[in-house]
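Quick note: numbers below take in every heavy atom, side chains included, and nothing from hydrogens, waters or symmetry partners. Because the structure is a prediction, the values reported are computed rather than measured. Lettering follows sequence order; numbering is per chain, from 1.
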Amino acid sequence: MTLLTTLFAAIICTIIWYKNAPSDKMKVGVLSLIYWGAALMWLADAIIEYISVKADYFTPAPAELLNDLYLGLYVVALGLVIWLIYLLIKDPKGFIKGLFHKEE
Amino acid sequence: MACVVVPVTQAVVTTLIRKAVKSKEEKAKAQKIGIETNNKIPFSKKLGWLNNMLWGGSALLIFEHIWHGEIIPWYPFLTGASNPAEVSTIFTEMATAGVLMSAIVTAVWGAIVLATNAMEKKELKADPAAN
């Protein structure tokens with residue numbers, strides 16, 4: 001479920017990035033790469049788990065499913081926080097830099 | 001448990017490589033200023049895509065490990081490392097899941113780079129004046 005949640009986040013971000021391309025002022029491309037990286041890593045985890053438990057991988061216990069969904073939502077939120085920090089540091093609109101220049 | 005160590009290590013290495021490539025590209029650009037007008041995506045930018053995937057993915061994966069209690073904020077940081085019997089499990093996980101994670105991310109990045117290169121070549125053929 002964590003893989004699925006992250007995968008959906010990656011797909012949605014990629015669609016938003018493509019919709020606004022070639023302009024990427026909000027750095028949505030970076031956010032989509034963060035989610036894609038995580039989704040691919042969880043895919044590797046899923047492959048390893050599938051090899052060991054086979055078809056049982058697709059029938060998780062409801063409590064496990066709920067916990068994974070909860071984790072997935074936290075992961076999406078954390079990805080957004082990382083992106084927000086990156087956005088504010090890079091400041092592509094130059095708004096924060098402008099604030100400091102005004103004060104000088 | 002410790003699978004995330006492999007992509008993090010790769011991210012450190014690729015970040016260093018990117019820095020070296022970027023400085024080389026900037027030097028080359030400064031020497032050829034006014035001559036080169038092609039609009040190819042620099043390789044350092046392409047490496048940046050891999051870095052974003054590796055660092056971003058690793059950060060979220062570390063959070064997942066903290067969630068499951070596999071990573072702790074004090075020494076030895078990995079819960080499995082406190083038990084000598086589990087140390088071999090850590091290495092096995094790094095060699096299987098960790099390497100597979102890095103390989104999948106790198107393979108996808110490689111496919112993106114190949115597709116981008118093909119598009120650039122196609123563009124160049126269609127408009128040779130751009131070079």
Side-chain angles (χ1 to χ4, degrees), chain A residues 1-11 13-14 17-18 21-22 24 27-53 64 66-87 89-90, chain B residues 1-11 14-15 18 39 41 45-71 89 92-113 115-116 119 123:
Chain A
M1 202 63 182
T2 314
L3 166 65
L4 206 61
T5 317
T6 319
L7 200 58
F8 272 116
I11 291 165
C13 286
T14 309
W17 166 78
Y18 187 74
D24 192 23
K27 304 276 178 196
V28 182
V30 172
L31 181 63
S32 70
L33 286 173
I34 290 172
Y35 286 142
W36 276 118
L40 291 171
M41 286 179 193
W42 271 306
L43 176 70
D45 234 7
I47 291 169
I48 298 282
E49 205 182 327
Y50 178 78
I51 289 168
S52 65
V53 299
E64 197 185 325
L66 197 66
N67 186 264
D68 273 357
L69 174 66
Y70 196 38
L71 171 63
L73 293 174
Y74 263 96
V75 161
V76 172
L78 182 66
L80 284 168
V81 169
I82 293 169
W83 166 71
L84 205 60
I85 293 167
Y86 177 82
L87 189 70
I89 291 170
K90 290 281 171 182
Chain B
M1 196 185 292
C3 52
V4 74
V5 172
V6 180
V8 166
T9 311
Q10 191 192 355
T14 53
T15 303
R18 186 180 180 246
N39 48 5
I41 299 169
K45 194 175 180 180
K46 290 172 186 171
L47 265 175
W49 302 338
L50 179 64
N51 285 341
N52 285 337
M53 283 203 283
L54 287 171
W55 282 118
S58 300
L60 299 185
L61 214 72
I62 286 170
F63 176 74
E64 186 239 24
H65 282 65
I66 294 169
W67 179 281
H68 288 131
E70 292 166 351
I71 291 179
T89 318
T92 309
E93 208 168 284
M94 278 164 66
T96 51
V99 170
L100 189 64
M101 279 171 186
S102 280
I104 289 178
V105 172
T106 311
V108 169
W109 170 77
I112 295 169
V113 169
T116 315
M119 282 174 179
E123 197 73 24

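At distances below 3.5 Å, at least one donor-acceptor pair connects side-chain atoms of A/D24 with backbone N or O atoms of A/V28. Checked by atom type and distance alone, the side chain of A/T2 pairs as donor or acceptor with a backbone atom of A/D68 at under 3.5 Å. Side chain of A/W42 to main chain of A/G37: no donor-acceptor pair is present (N/O by atom type, distance under 3.5 Å, no hydrogens or angles).
When A/I34, A/D45, A/I82 are compared by the number of non-hydrogen pairs under 4.5 Å with chain B, A/I34 comes out ahead. Between chain B and the residues A/W36, A/Y74, A/Y35, A/W83, the largest count of heavy-atom pairs under 4.5 Å involves A/Y74. Ranked by non-hydrogen atom pairs under 4.5 Å with chain A, the options B/P7, B/G48, B/G57 are led by B/G57. Ranking A/L71, A/I48, A/L40 against chain B, the residue ahead of the rest is A/L71, based on heavy-atom pairs under 4.5 Å.
Proximity to chain B (any heavy atom under 4.5 Å) is restricted, for A/I47, to the side chain, taken from C-beta onward. Residue A/Y86: no heavy atom, backbone or side chain, is found under 4.5 Å from chain B. Interface residue B/W49: backbone and side-chain heavy atoms are both found under 4.5 Å from chain A. Contacts between B/V105 and chain A at a heavy-atom distance below 4.5 Å involve backbone atoms as well as side-chain atoms. For chain A, the nearby parts of B/S58 are the backbone and the side chain; heavy atoms of each come within less than 4.5 Å. Heavy-atom distances place both the backbone and the side chain of A/L78 under 4.5 Å from chain B.
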Next on the checklist: Between B/V4 and B/M101, is the side-chain contact (heavy atoms from CB on, under 4.5 Å) condition met? List the steps.
Outcome noted: CA-CA 8 Å; B/V4 74; B/M101 279 171 186; 5.8 Å; no

Next on the checklist: Let's go through A/M1 and A/Y70 carefully: what are the C-alpha distance in whole Å and the side-chain angles of both, what is the deciding distance for side-chain contact (heavy atoms from CB on, under 4.5 Å) to 0.1 Å, and is it a yes or a no?
Outcome noted: CA-CA 9 Å; A/M1 202 63 182; A/Y70 196 38; over 6 Å; no

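For the residue pair A/N67 / B/W67, a side-chain donor-acceptor distance below 3.5 Å is found, with atom types taken as modelled.
Within a 6.0 Å sphere centred on CH2 of A/W17, heavy atoms belonging to other residues, nucleotides or ligands number 12 at most.
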